[in-house]
> 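Provided herewith is a single structure, encoded as structure tokens, for subsequent inquiry.
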Amino acid sequence: MIKITLPDGAVREYQEGVTGLEIAKSISEGLARNVIAAKVNGEVWDATRGIYADATVQLLTWNDKEGKSTFWHSSAHLMAEALEALYPGIKFGTGPAIEAGFYYDVDLGDFSFSQEDFQRVEEKMLELAKQKNPYVRSEVSKKDAIEFFTEKGDPYKLELISRLEDGSITFYKQGAFTDLCKGPHIPDTSYIKAVKLLNVAGAYWNKDQNNKMLTRIYGITFPKQKELDEYLHLLEEAKKRDHRKLGKELELFAFSEKVGMGLPLWLPKGAMLRDRLENFLKRTQVKMGYSPVVTPHIGSKQLYITSGHWEKYGKDSFQPIHTPDDGEEFLLKPMNCPHHCEIYKTKPRSYKELPIRFAEFGTVYRYEQSGELHGLTRVRGFTQDDAHIFCRPDQVKEEFCKVIDLVLYVLKSLSFDNYTAQISLRDLENPTKYIGDSAQWDAAEQAIREAAQEKGLQTVEVPGEAAFYGPKLDFMVKDALGRQWQLGTIQVDYQLPQRFELEYIGADNQKHRPVMIHRAPFGSLERFIAVLTEHCAGNFPLWLSPEQIAVLPISEKYESYAQQVFDTLQQYDIRGIFDNRDEKIGRKIRDAEVKKIPYMIIVGEKEQLDNKIAVRKHGQGDIGSMSVNDFIKLFEEEINNMLRRTL
RNA sequence: GCCGACGUAGCUCAGAGGUAGAGCACUUCCUUGGUAAGGAAGAGGUCGAGAGUUCAAUUCUCUUCGUCGGCUCCA
């Protein structure tokens, strides 16, 4: 007998070799029906795998994150089985579960595959699922594994096997499909009741651009049809929040083929919104001791040779502008830091004046790969809310902490609460990607860790995401469709001060090298507004809304009174539209609602007589009539409450 | 940049080898209406661009530009 400890602390005795499923059965039949995997001593196992020693066991169901990923991983195998049945001879790459669903990378050889083929694969999957084929685990020697896939002729699996240790190789087989896989899997295919393929895409084998491109097929499955329907509905809803759609509908921004791809045009309403965000941060930054600076949109190529950016990104950038006469070369500035370094160097600096904080809403241009462009989140010309802090080494942590405060203040002011703070580290396997010596990197990484910890930030560390000159603390936020984007970023940099030979005179009357902190709380206005738009589904907070009110006269008889109201509100810096079209009030209201204007001011005979206005709130309806002054109070109160909350 | 799909009026979309259609938006007229679409009429497109096949192409083929979904990249 062995002792099994359950999550509630209960210890039960079972025969050696007992499975998760059997343990579930011993508790309740209902539980047993729902169990899809078991966590044994912290490791997720097949629910059907025998346990031969004392262990703590947690039974996993669809409601557990690991339960879902097991379910989806098994679904990837099911899809592979269906694909192999329909397209015999295809080769398989890898097929993991992802955050929502799964994919499998396949080499289709002579077959082609597109969305039109989805249905037959889905049908085949359901057909196979109904066969209730168990997922059977087997341990295989390396030799046998190689033999199996050599015979099958699957080079990708052979490559995967070559990286594995003999003795640690397992296969899983369900129905006619055998895969190299460490598992775990659901007990059998019948758990999968609803299937939907989502999209096809190319994906490089082994994530390497130089390798062959495989076909990646994405899908999702559920234990109930209803859940699939709900998921698909959710997806539809999410698409409605897409900033590219809302940006067009709300007339915030546009693109023009003639201007060039990835070069956004800000329409009046978008520009208004942007302006308000910019002013909000500018005011905050002045309070926090930043000094605004302004630098040109181009800089000599020499500037970027000095900074190291030319060597690193030169060939993939917008190419230099050549002057007509003496062959000088200038670059559209891809970042502001070199310019700011030169501002630092305009005079000798004393330790007493540090930290110096230069801030600039600097527009930069980067030649992003064409396939990377994406609405406003990835563009070729964008404005960073950039600043560079030049400080003494002993000030780095404190300055870093202050920037964290600022970033959190900005995020909170706009109700972003589900961001991830990510410490982006260098890739130790790939040291040639970075400049600077290891000790400086260690110091910078340590400074970031300590600052984050001091501020009580929950962080994840991701190797390989650092900038080439230093590690970063990045604030990551997801868009409506679950794609993750970097918004705010804070970076510690020992390299640029060195390259630009920045100095300050210390208390010891000696020259010292300052440390630079690069930081951008929004990241870029473009990306920030994109994600903000999706976050609030176009219903911007009142203080940001490009059109805050719509004044709607009931008929032209009340137009002059309405105009008077509108003018008064404008004097109080309340902006909006005056809708004196020859339309009925219902129509004007509808149009204002569709435009997501926060407040509608409706005036007719009653209001004119009482010297009042009828107020209607977007998405809520009529909130009664009041004097113009009361409305202004209510309006300002709402804005103040919104901003006060964050103090 | 790579793989795949797509590109018809300002927007959302239908259509077909014989030089195009709807709804909304727009313009004009009627209507002066009280909380999410009042009525009528009108105007609007070399069907992304270029080349080829064909008696004929917006429809088929190729190229190109752009968009979308991913991959790779992201100072």
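Scope of the values below: all heavy atoms of this structure, side chains included, with no hydrogens, waters or symmetry mates. By convention in this document, chain letters (A, B, ...) are assigned in the order of the sequence lines, proteins followed by strands, and residues within each chain are numbered from 1.
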> For B:G23 and B:A41, measure between their P atoms and round to the nearest Å.
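Result for the P pair: 11 Å, nearest Å.
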> Of all heavy-atom pairs between A:Ile602 and A:Glu607, which one has the smallest distance, and what is that distance?
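Heavy atoms of A:Ile602 and A:Glu607 come nearest at O-CG, 3.7 Å.
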> Report the residue (A:Arg366 or A:Lys245) whose heavy-atom-nearest nucleotide on RNA chain B is the more 5′ of the two.
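Nearest-nucleotide comparison on RNA chain B picks A:Lys245.
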> Would A:Phe528 and A:Phe475 count as a close aromatic pair, with their ring centres under 6.0 Å?
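Ring centres of A:Phe475 and A:Phe528 not closer than 6.0 Å.
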> Please classify the nucleic acid contact of A:Gln115 as base, sugar-phosphate, or nothing, using heavy-atom distances under 4.0 Å.
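Nothing, no nucleic acid heavy atom in range.
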> Give A:Ala614 one of three labels, base, sugar-phosphate or nothing, depending on what nucleic acid heavy atoms sit under 4.0 Å from its own.
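Base: the residue A:Ala614, judged by heavy atoms under 4.0 Å, touches a nucleobase.
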> Is the A:His518-A:Tyr469 ring centre distance short of 6.0 angstrom?
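So the answer is yes for these two rings.
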> Base, sugar-phosphate, or nothing for A:Ala203, non-hydrogen atoms under 4.0 angstrom?
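If one applies the 4.0 Å heavy-atom cut-off, A:Ala203 turns out to touch the sugar-phosphate alone, with no base involved.
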> Let's see if you can work this out: which of B:U32, B:A75, B:G70 has an atom nearest to the side-chain heavy atoms of A:Glu556?
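Comparing B:U32, B:A75, B:G70 against the side chain of A:Glu556, the answer is B:U32.
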> Does A:Ser370 place a side-chain N or O at less than 4.0 Å from the phosphate oxygens OP1/OP2 of B:G1?
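Answer is yes, contact under 4.0 Å.
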> Checking the side chain of A:His243 only, and the main-chain atoms of A:Leu376 only, is there a donor and an acceptor separated by less than 3.5 Å?
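Present.
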> Quick one: which of A:Gln422, A:Gln486, A:Gln491 gives a side chain to side chain donor-acceptor pair (under 3.5 Å) with A:Lys472?
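Answer after filtering A:Gln422, A:Gln486, A:Gln491: A:Gln486.
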> OP1 or OP2 of B:G69 less than 4.0 angstrom from a side-chain nitrogen or oxygen of A:His374, does that happen here?
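Result: yes.
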> Tell me which nucleotide among B:A36, B:A75, B:U32 gets nearest to the side chain of A:Tyr469.
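In terms of side-chain proximity for A:Tyr469, the closest of B:A36, B:A75, B:U32 is B:A75.
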> For B:G69, give the paired nucleotide (Watson-Crick: N1-N3 plus N6-O4 or O6-N4; G-U: N1-O2 and O6-N3; both under 3.5 Å), or none.
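WC or wobble partner is B:C3.
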> In whole Å, I'd like the distance from the CD atom of A:Gln209 to the P atom of B:C74.
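It works out to 10 Å between those atoms.
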> How would you label the contact of A:Glu249 with the nucleic acid (heavy atoms, under 4.0 Å): base, sugar-phosphate, or nothing?
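Nothing: the residue A:Glu249, judged by heavy atoms under 4.0 Å, touches no strand.
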> Checking contacts here: which listed nucleotide (B:G38, B:A75, B:C65) is nearest the side-chain heavy atoms of A:Met261?
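For the A:Met261 side chain, the nearest candidate turns out to be B:C65.
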> NA contact type, A:Met335, heavy-atom cut-off 4.0 Å: base, sugar-phosphate, or nothing?
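Base contact.
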> Given that A:Glu116 and A:Gly371 both sit by RNA chain B, which one's nearest nucleotide is further toward the 5' end?
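So the residue in question is A:Gly371.
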> A:Leu198 CG to B:C71 P: how many Å, rounded?
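Going from CG in A:Leu198 over to P in B:C71 covers 14 Å.
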> Could you tell me how far apart A:Tyr367 (OH) and B:A75 (P) are, to the nearest whole angstrom?
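Answer to the nearest Å: 18 Å.
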> Which residue is it: A:Tyr156, A:Tyr103, A:Tyr104? I am looking for the one with a ring-ring contact (aromatic ring centres under 6.0 Å, His included) to A:Phe92.
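The residue from A:Tyr156, A:Tyr103, A:Tyr104 that satisfies ring-ring contact (aromatic ring centres under 6.0 Å, His included) with A:Phe92 turns out to be A:Tyr104.
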> Categorize A:Arg216 for me: base, sugar-phosphate, or nothing, with a 4.0 angstrom heavy-atom threshold over every strand shown.
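A:Arg216: backbone/sugar contact only, no base atoms under 4.0 Å.
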> Write down the distance between CZ (A:Phe102) and C1' (B:G70), rounded to a whole number of angstrom.
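Distance, rounded to whole Å: 16 Å.
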> Give none if B:G23 has no partner; otherwise give the nucleotide forming a Watson-Crick or G-U wobble pair with it, both distances under 3.5 Å.
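Base-paired to B:C11.
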> Verify, without hydrogens or angle tests, whether A:Gln548 (side chain) and A:Leu542 (backbone) share a donor-acceptor contact under 3.5 angstrom.
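Such a contact is found between A:Gln548 side chain and A:Leu542 backbone.
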> Counting any heavy atom closer than 4.0 Å, what does A:Tyr218 reach on the DNA or RNA strands: base, sugar-phosphate only, or nothing?
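It contacts sugar-phosphate atoms only.
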> Determine whether the aromatic ring centres of A:Phe566 and A:Phe578 lie less than 6.0 Å apart.
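Yes, the ring centres sit under 6.0 Å apart.
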> Quick one: label A:Glu605 by what it contacts on the DNA or RNA (base, sugar-phosphate, nothing), any heavy atom closer than 4.0 Å.
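Counting heavy atoms under 4.0 Å across all strands, the contact made by A:Glu605 includes a base.
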> NA contact type, A:Gln620, heavy-atom cut-off 4.0 Å: base, sugar-phosphate, or nothing?
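If one applies the 4.0 Å heavy-atom cut-off, A:Gln620 turns out to touch nothing in the nucleic acid.
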> Between B:A56 and B:A16, how many Å separate the two C1' atoms, rounded to a whole number?
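My reading of the C1' atoms in B:A56 and B:A16 gives 14 Å.
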> Touch check for A:Tyr103, heavy atoms < 4.0 angstrom, all strands: base, sugar-phosphate only, or nothing?
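Since no nucleic acid heavy atom lies under 4.0 Å of A:Tyr103, the category is nothing.
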> Test A:Glu237 against every option in A:Arg241, A:Lys240, A:Lys239 by the salt bridge (charged side-chain N to carboxylate O under 4.0 Å, His left out) rule and name the one that passes.
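In the set A:Arg241, A:Lys240, A:Lys239, the residue that makes a salt bridge (charged side-chain N to carboxylate O under 4.0 Å, His left out) with A:Glu237 is A:Lys240.
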> Remember a base hit wins even if backbone is also touched, and classify A:Ile554 as base, sugar-phosphate or nothing at under 4.0 Å, heavy atoms.
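Counting heavy atoms under 4.0 Å across all strands, the contact made by A:Ile554 includes a base.
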> Phosphate oxygens OP1/OP2 of B:C68: is one of them under 4.0 Å from a side-chain N or O of A:Arg244?
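For B:C68, OP1 or OP2 has a side-chain N or O of A:Arg244 closer than 4.0 Å.
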> When you measure from the side chain of A:Lys248, which nucleotide among B:U12, B:C71, B:G69 comes out closest?
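Output: B:U12.
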> Would you say the base of B:G1 and the side-chain of A:Tyr204 have a donor-acceptor pair closer than 3.5 Å?
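Indeed, a donor on one side and an acceptor on the other fall under 3.5 Å apart.
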> Atom pairs, N/O to N/O, protein against nucleotides 7-9 of chain B, distance under 3.5 Å?
none

> CD of A:Glu583 versus P of B:C24: gap in Å, rounded?
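Rounded to the whole Å, the gap is 12 Å.
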> Below 3.5 Å, does any donor atom in the side chain of A:Arg380 face an acceptor in the base of B:C74, or the other way round?
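Check fails, no donor-acceptor contact within cut-off.
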> Which nucleotide, B:G33, B:G38, B:A75, lies nearest any side-chain atom of A:Phe468?
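Looking only at heavy atoms from C-beta outward on A:Phe468, the closest nucleotide is B:A75.
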> Of all the choices, B:U35, B:G33, B:C71, which nucleotide is nearest to the side chain of A:Ser555 once you look at every atom?
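Per side-chain heavy atoms of A:Ser555, the pick is B:G33.
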> Please work out if A:His518 contacts a base, only the sugar-phosphate, or nothing of the nucleic acid, heavy-atom cut-off 4.0 Å.
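The residue A:His518 makes no contact with any strand.
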> Yes or no on salt bridge (Lys or Arg N to Asp or Glu O under 4.0 Å) for A:Glu605 and A:Lys557, after CA distance, side-chain angles and deciding distance?
CA-CA 8 Å; A:Glu605 189 178 9; A:Lys557 286 187 205 156; over 6 Å; no
> Quick one: is B:G69 close enough that its OP1 or OP2 comes under 4.0 Å of any side-chain N or O from A:Arg483?
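Yes, because at least one side-chain N or O of A:Arg483 sits under 4.0 Å from OP1 or OP2 of B:G69.
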> Quick one: which of B:C74, B:U35, B:G1 gets closest to the side chain of A:Gln369?
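Looking only at side-chain atoms, A:Gln369 lies closest to B:G1.
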> For A:Ser307, answer base if it contacts any base atom (sugar-phosphate contacts may also be present), sugar-phosphate if it contacts only those atoms, and nothing otherwise; contact means non-hydrogen atoms under 4.0 Å.
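Here A:Ser307 touches no strand at all.
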> Centroid distance below 5.5 Å plus an interplanar angle below 30 degrees: do A:Tyr313 and B:A75 meet both conditions?
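Yes, aromatic ring over the base.
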> Would you say that A:Arg426 contacts A:Leu428 through its side chain, given a criterion of any heavy-atom pair below 4.5 Å between the two side chains?
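SC-SC contact between A:Arg426 and A:Leu428 confirmed.
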> Are OP1 or OP2 of B:A75 and a side-chain N or O of A:Lys472 less than 4.0 angstrom apart?
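Result: yes.
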